[in-house]
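Note that the structure is predicted; figures quoted are calculated from it, not measured. Numbers here simply count residues along the sequence, with the first being 1.
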Amino acid sequence: MKKIVVLFFSFFALQLSAQVNDWEKYADSLRTNVLDDGEVETEYLLPELHINFSKEELERIQIENILKRRILRVYQYAVLTSHNLTILNQEMAKLEKKSEKRKHLKQTEKYLKEQFGDRLKKLSRKDGQILVKLINRQTDQTAFELVKDLKSGWSAFWNNQTAKLFDINLKTKYAPGDVLEDFYIEMLIKELALEGSIEYHPAAKDYKMDLVKANWKKKLGDSGYYPEEN
């Protein structure tokens, strides 16, 4: 009997050790500390502890954690950018004289660069990709469409060819019904809003999310890639 108990706890320890080691692949970051006695201690910095989760669930959780941080960085910026670009295009349409349009454009360009220029430059490539998608979500127009009629200012700032050098295509559309990452983003926007981390702004387009969720549930099944709902 004693042998059986020892074997049981040995097996449990091995299983737990394997789960912790697996987490090295999914940890947000790792930190190594040198203790006073000279020993090296590795600290795992994890947002949550998940035990007995499948590989697919752990991968999804890691993807969601990364996307949450990116959404927090660019979401409100996307809302403000979309708002200002939309107003700019509306005001430009009201002006008849080219001189008036040039003057208004220069004023708006100066404002936008002062407000957002430095922050745009600090975005990572992936942040920029998420931002372009969220601009499309907020306006139902691609970033390219919003600036295509401008001859300077934002067209220079958001130059499509320059953006492509950073793997950011301004023509990218937000498609939660077709792209899994976009589906995660839409679900996370609502989750972050419920938590009070962001102020929710509805999409300009009705993506029919009940149908979208049902379709993704059918595609993903019980694989662990379908997100949990609050």
Side-chain angles (χ1 to χ4, degrees), residues 12 14-30 44-79 82 123-143 167-230:
F12 177 77
L14 285 171
Q15 289 293 102
L16 184 58
S17 174
Q19 289 174 1
V20 171
N21 289 336
D22 282 345
W23 259 109
E24 293 182 21
K25 297 182 290 184
Y26 305 105
D28 284 334
S29 58
L30 298 174
Y44 293 77
L45 301 177
L46 302 172
E48 297 178 36
L49 179 62
H50 301 274
I51 299 177
N52 293 328
F53 276 54
S54 68
K55 177 183 177 182
E56 291 81 5
E57 288 173 308
L58 294 178
E59 287 180 352
R60 190 201 76 238
I61 291 168
Q62 176 64 1
I63 290 169
E64 288 178 330
N65 286 336
I66 293 171
L67 284 174
K68 277 184 181 180
R69 293 194 293 272
R70 297 194 189 284
I71 292 168
L72 289 172
R73 280 197 288 270
V74 305
Y75 179 70
Q76 289 300 323
Y77 179 59
V79 172
S82 302
L123 294 180
S124 69
R125 180 179 62 184
K126 190 60 182 177
D127 288 341
Q129 292 172 343
I130 302 299
L131 173 58
V132 167
K133 288 184 177 185
L134 291 180
I135 287 175
N136 181 233
R137 178 187 185 273
Q138 294 307 128
T139 64
D140 197 25
Q141 289 181 280
T142 65
D167 196 23
I168 301 173
N169 187 345
L170 300 185
K171 296 179 181 179
T172 300
K173 292 186 177 181
Y174 183 68
D178 301 312
V179 180
L180 183 57
E181 180 183 75
D182 295 0
F183 174 57
Y184 286 159
I185 290 172
E186 188 63 26
M187 299 290 281
L188 290 171
I189 286 173
K190 293 182 179 179
E191 180 180 324
L192 289 168
L194 287 172
E195 293 173 359
S197 299
I198 61 173
E199 181 182 349
Y200 181 77
H201 293 269
K205 175 181 177 179
D206 181 7
Y207 290 103
K208 303 186 185 303
M209 287 305 297
D210 287 340
L211 180 60
V212 167
K213 287 191 285 187
N215 288 339
W216 278 115
K217 184 65 176 177
K218 184 177 180 180
K219 290 179 184 178
L220 299 173
D222 298 323
S223 66
Y225 287 116
Y226 189 85
E228 295 179 358
E229 295 187 58
N230 294 329

So for atom NZ, which belongs to Lys219, do other residues, nucleotides or ligands contribute more than 12 heavy atoms lying within a distance under 6.0 Å?
yes

Does Lys213 have more than 12 heavy atoms from other residues, nucleotides or ligands lying within 6.0 Å of its NZ?
yes

Atom pair [atom1]/[atom2] of [X] and [Y] - distance to nearest 0.5 Å:
{"X": "Ile61", "Y": "Tyr225", "atom1": "CD1", "atom2": "OH", "result": "11.5 Å"}
{"X": "Thr172", "Y": "Ile135", "atom1": "OG1", "atom2": "CD1", "result": "11.0 Å"}
{"X": "Lys133", "Y": "Asn169", "atom1": "NZ", "atom2": "CG", "result": "11.0 Å"}
{"X": "Tyr207", "Y": "Glu186", "atom1": "OH", "atom2": "CD", "result": "7.5 Å"}
{"X": "Ile130", "Y": "Ile66", "atom1": "CD1", "atom2": "CD1", "result": "10.5 Å"}
{"X": "Ile71", "Y": "Arg69", "atom1": "CD1", "atom2": "CZ", "result": "11.5 Å"}

Begin with the C-alpha distance, continue with both residues' side-chain angles, and end with the deciding distance and a verdict on side chain to side chain contact (heavy atoms under 4.5 Å, CB included) for Leu134 and Val79.
CA-CA 8 Å; Leu134 291 180; Val79 172; over 6 Å; no

Kindly indicate whether the side chain of [X], heavy atoms from C-beta on, has any atom under 4.5 Å from the side chain of [Y].
{"X": "Thr142", "Y": "Leu170", "result": "no"}
{"X": "Gln129", "Y": "Val132", "result": "no"}
{"X": "Leu180", "Y": "Ile63", "result": "no"}
{"X": "Tyr75", "Y": "Glu199", "result": "no"}
{"X": "Glu195", "Y": "Leu192", "result": "yes"}
{"X": "Ile185", "Y": "Pro176", "result": "no"}

Under 3.5 Å, is there a donor-acceptor pair linking the side chains of Ser124 and Arg73?
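Not at all, the side chains of Ser124 and Arg73 share no donor-acceptor pair under 3.5 Å.
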
Can you tell me if Tyr184 and Glu64 form a side-chain donor-acceptor pair at under 3.5 Å?
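Result is no, nothing qualifies.
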
Could you tell me if Lys217 sits above the aromatic ring of Tyr226, with its cationic atom closer than 6.0 Å to the ring centre and no more than 45 degrees from the axis?
yes

Indicate yes or no for a side-chain donor-acceptor contact from [X] to the backbone of [Y] under 3.5 Å, with no hydrogens or angles considered.
{"X": "Asp140", "Y": "Lys205", "result": "no"}
{"X": "Glu57", "Y": "Ser54", "result": "yes"}
{"X": "Asp182", "Y": "Ala175", "result": "yes"}

Which heavy atom in [X] sits nearest to a heavy atom in [Y], and how many Å separate them?
{"X": "Lys68", "Y": "Leu188", "answer": "CE-CD2, 3.6 Å"}
{"X": "Ser197", "Y": "Leu72", "answer": "CB-CD2, 3.9 Å"}
{"X": "Val179", "Y": "Trp216", "answer": "C-CZ2, 3.7 Å"}
{"X": "His201", "Y": "Arg137", "answer": "O-NH1, 2.8 Å"}
{"X": "Pro202", "Y": "Gln138", "answer": "O-NE2, 3.8 Å"}

Stepwise, does the salt bridge (Lys or Arg N to Asp or Glu O under 4.0 Å) test hold for Glu181 with Lys126?
CA-CA 12 Å; Glu181 180 183 75; Lys126 190 60 182 177; 3.0 Å; yes

